[in-house]
Amino acid sequence: MAEENEDYYILSEVNEAVGLKQTELDRIGQEVKDGFDADFDSTQSMRKKMVDIRGILEKSSDSSAQSACKVNLPNLHTAITKFKSTATNNLLKNTKSPTRAYAVLPEFKESAVRVQRYFNNHIKNNTDLFESYAKSFYVLARDGFYVRKVFWDKGPQSELVLPEDFVIAYNSISLESSYRYSQILHFTQNEIEKRMKSKLWIKHDPLPVPTENQDRSLLEESMRNRGIENTLNSNDYADVIDVVECHTYIKLKGDDCRKPRIVTFNRSTGQVYRITPRWKDEKGYDPIHYFVTVSCVTNPNSIYGYGFGHLFYSSQKTINTIMRQIIDAQTLNLMPPMFLDKRTGLSGDYPISPGKINHVNTRADEVKKAFSVLNFPAPSPMLYNSIQLLVSSMNEFTSQTEIANGQAPRSDTTATAAEIAIEKSEEMFTSIQRSIHLAITKEFGIMKDLMERYLIEDDYFKTMQMVYEGVIATQDIEAISKIELIADPNQISERQALAKAEYLHKVIMENPLLANNLEAQKLDLESRLNAIGEDEDTIQELLAQIDKEQERQEMAQEQAQKQAEQQTYEDTIASQVDADINEAQVREQRIADEVQKDMDSGKEVV
């Protein structure tokens, strides 16, 4: 089934809707549609807030006065963009070897190296993935949370799900504890019919082009939520139809309880297109979660967190209002409105320019009297003070300080104070980065599970660009405990990484036991190379060279020790032989002396 529908991502290759009676499909469709509608209604205030936040970021003033100032200061947008840039630079800076695989046991280290090579090559070949993560970080800072979906499409994939397209009951704390959550998908009628024809979805009679009020309102609402201008044509087959992919629990014939399943249905009509299982165990009790969520500032009452947009919506709106008042007041002060008395008989336009003389059919002093100027005062200094206070409070929270942005501090700022200011400005980023890092590791864990289920041997070696004799892909993957993004979420800048590496180097060098320990030296080298941004493949290659050199030295030492032992043995044997020879010579000499003595004494020698 997976190979037949390779153009569509796989969450499960089984469609349990096939063969069900229409009455059963209608019951299931109505059940999940009612649940989805209830979840959606619970998030209405949150969705309205998202629209307001995007309005203040993307739209100018809605003032009806044509000459009124419509400027928006970009403080909020700057804070969001800086957060995205900081998180992207810190977490995704290693684009050559972005991940590391960990083996379950040390003896499976070679399996971990192969899986890591496959995973890194697969990610590098997916050029849109890093851009997708960068967009996720922007959404996180703006809306307070992001959702990513993991699926299989000729390899493990993940994509950003826009907040307005993800629906879960507002009071839910986590995906794991939630009974139901859904994703709104947007398809044209043609795309729906293609999925039916490929048997990915069960066949239904084609729906008419959505022209009824209910369908049109859903389309218009969907477009408003996505910030798209409503230009719908009632007879346009390019109009999208909302399809809901609901991850919930339902009971089918033969089940002993409600089991975790994915029900795909038409949001407007409730028509069920697909039902697929989503459990890990054989009995169907342990659900699989294909989504990963992250909150920016935690909301204790909901899975939906708070972002910069929520925290500073009122402040940004006030800043914009004050700035427009300042500019409007200054404009009126410099170019005040004038009134002309029609009774003077003056008519027509009289261009004014330096040295230009305009001729009029009346007395000059009458012209002066004919005009009345309304004088407006200059903007109040209190407005400047107010806007400065608001901007400062936003910058302090979002780390938009002069020092954090690399600008020179004030002349009376000491080096220690500057260092403390930088560390304080980085604390919030550090905590959020840790959450992102954990979420991406969880995301990679889901990808690993999909690799165990769907990875083809030939694709495994093709992606690695290498062939290993006797290696089985599934055995390699089962030998892995986790796949992790190579990044230190506790570090915000290269300065921190270098300082940490230098401190570790100092500790090792000052301890004689560590200074002469090869493992400590390898740790020191790896830390320093990571700090300067060297890619993981190069680091691992250098460490492998050190291991080979260590093995060579150990073999040389072992060989030298064997030779020394052999030489010692030979010397011992030679010494023993010499001692035996000397002893024999001494004995022979003693015997000869005794014989000579007997001969001298006249005794008969036998």
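No experiment lies behind these values; they were computed from the predicted model shown. Along the sequence shown, residues carry numbers from 1.
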Does NZ or CZ of Arg47 fall inside the cone over Tyr304's six-membered ring, less than 6.0 Å from its centre and within 45° of the axis? no
Ring-face cation of Arg278 near Tyr249 (centre distance under 6.0 Å, axis angle within 45°): yes
Would you check if there is a donor-acceptor pair between the side chains of Asp34 and Gln30 at a distance under 3.5 Å? yes
Salt bridge present between Glu452 and Lys448 (N-O < 4.0 angstrom): yes
Side-chain contact, heavy-atom cut-off 4.5 Å: Leu200 with Asn15? no
Backbone of Trp279 reached by a side-chain donor or acceptor of Asp286 within 3.5 Å: no
Are the side chain of Ser42 and the backbone N or O of Tyr170 linked by a donor-acceptor pair below 3.5 Å? yes
So which atom in Gly305 and which in Phe145 form the shortest heavy-atom distance, rounded to 0.1 Å? N-CB, 4.0 Å
Cation over ring face, Arg258 and Tyr179, 6.0 Å, 45°: no
Mind telling me whether Phe444 and Phe119 have parallel, tilted or perpendicular rings, with 30° and 60° as the class edges? perpendicular
Any donor-acceptor pair under 3.5 Å from Glu245 side chain to Gln183 backbone: no
I'd like to know if Glu31 and Arg27 make a salt bridge, using a cut-off of under 4.0 Å between side-chain N and carboxylate O. yes
By the definition ring pair (Phe, Tyr, Trp, His ring centres under 6.0 Å), identify the one residue from Tyr146, Phe291, Phe40 that meets it with Phe166. Phe291
Regarding Ser174 and Ser177, is there a side-chain donor-to-acceptor distance under 3.5 Å anywhere? yes
Could you report the tightest heavy-atom contact between Thr293 and Ala439, atom names first, then the distance? O-CB, 4.4 Å
Contact between Phe108 and Ser481 at the side-chain level, heavy atoms closer than 4.5 Å - yes or no? no
Would you check if Gln316 and Met394 make a side-chain contact, meaning some heavy-atom pair closer than 4.5 Å? yes
Do Glu519 and Lys522 pass the salt bridge (Lys or Arg N to Asp or Glu O under 4.0 Å) test, and can you show the C-alpha distance, the side-chain angles, and the key distance before you say yes or no? CA-CA 5 Å; Glu519 291 301 320; Lys522 288 168 59 179; 3.6 Å; yes
Correct closest heavy-atom pair for Arg180 and Asp39 would be NE-OD2, 2.8 Å
Distance-minimising heavy-atom pair for His186 and Asp242: ND1-OD1, 2.8 Å
State, yes or no, whether a side-chain contact exists between Ile53 and His310 at a heavy-atom distance under 4.5 Å. yes
Checking Asp476 against Tyr460: is there a side-chain donor and acceptor pair closer than 3.5 Å? yes
Can Asp449 and Arg453 be counted as an ion pair, charged N to O under 4.0 angstrom? no
Using a 4.5 Å cut-off on heavy atoms from C-beta on, say whether the side chain of Phe83 contacts that of Leu140. yes
Under 4.0 Å between a side-chain nitrogen and a carboxylate oxygen: does that hold for Glu16 and Lys259? no
Side-chain heavy atoms of Leu20 within contact of Ile202, under 4.5 Å: no
Quick one: does NZ or CZ of Lys84 land under 6.0 Å from the six-membered ring centre of Phe137, within 45 degrees of the ring axis? no
Using a strict cut-off of less than 4.0 Å between a Lys/Arg side-chain nitrogen and an Asp/Glu carboxylate oxygen, indicate whether Asp255 and Arg261 qualify as a salt bridge. yes
Do you know which two heavy atoms are closest between His437 and Leu485, and how far apart they sit? NE2-O, 3.0 Å
Residues which pass salt bridge (charged side-chain N to carboxylate O under 4.0 Å, His left out) with Asp52, listed by chain and number, not counting sequence neighbours: Lys48
Just so I know, are the side chains of Tyr273 and Met196 near enough to count as touching, which here means a heavy-atom distance under 4.5 Å? yes
For the backbone of Val161 and the side chain of Asp165, can you confirm whether one donor and one acceptor N or O come within less than 3.5 Å of each other? no
Given the rule in the side-chain hydrogen bond (donor to acceptor under 3.5 Å, both in side chains) test, do Tyr133 and Glu443 qualify, once you have shown the distances and angles that lead to the verdict? CA-CA 12 Å; Tyr133 277 119; Glu443 196 175 313; 2.6 Å; yes
Which pair of heavy atoms, one from Tyr306 and one from Leu311, lies closest together, and at what distance? CB-CD2, 4.3 Å
Does Tyr454 reach the side chain of Pro156, with side-chain heavy atoms less than 4.5 Å apart? no
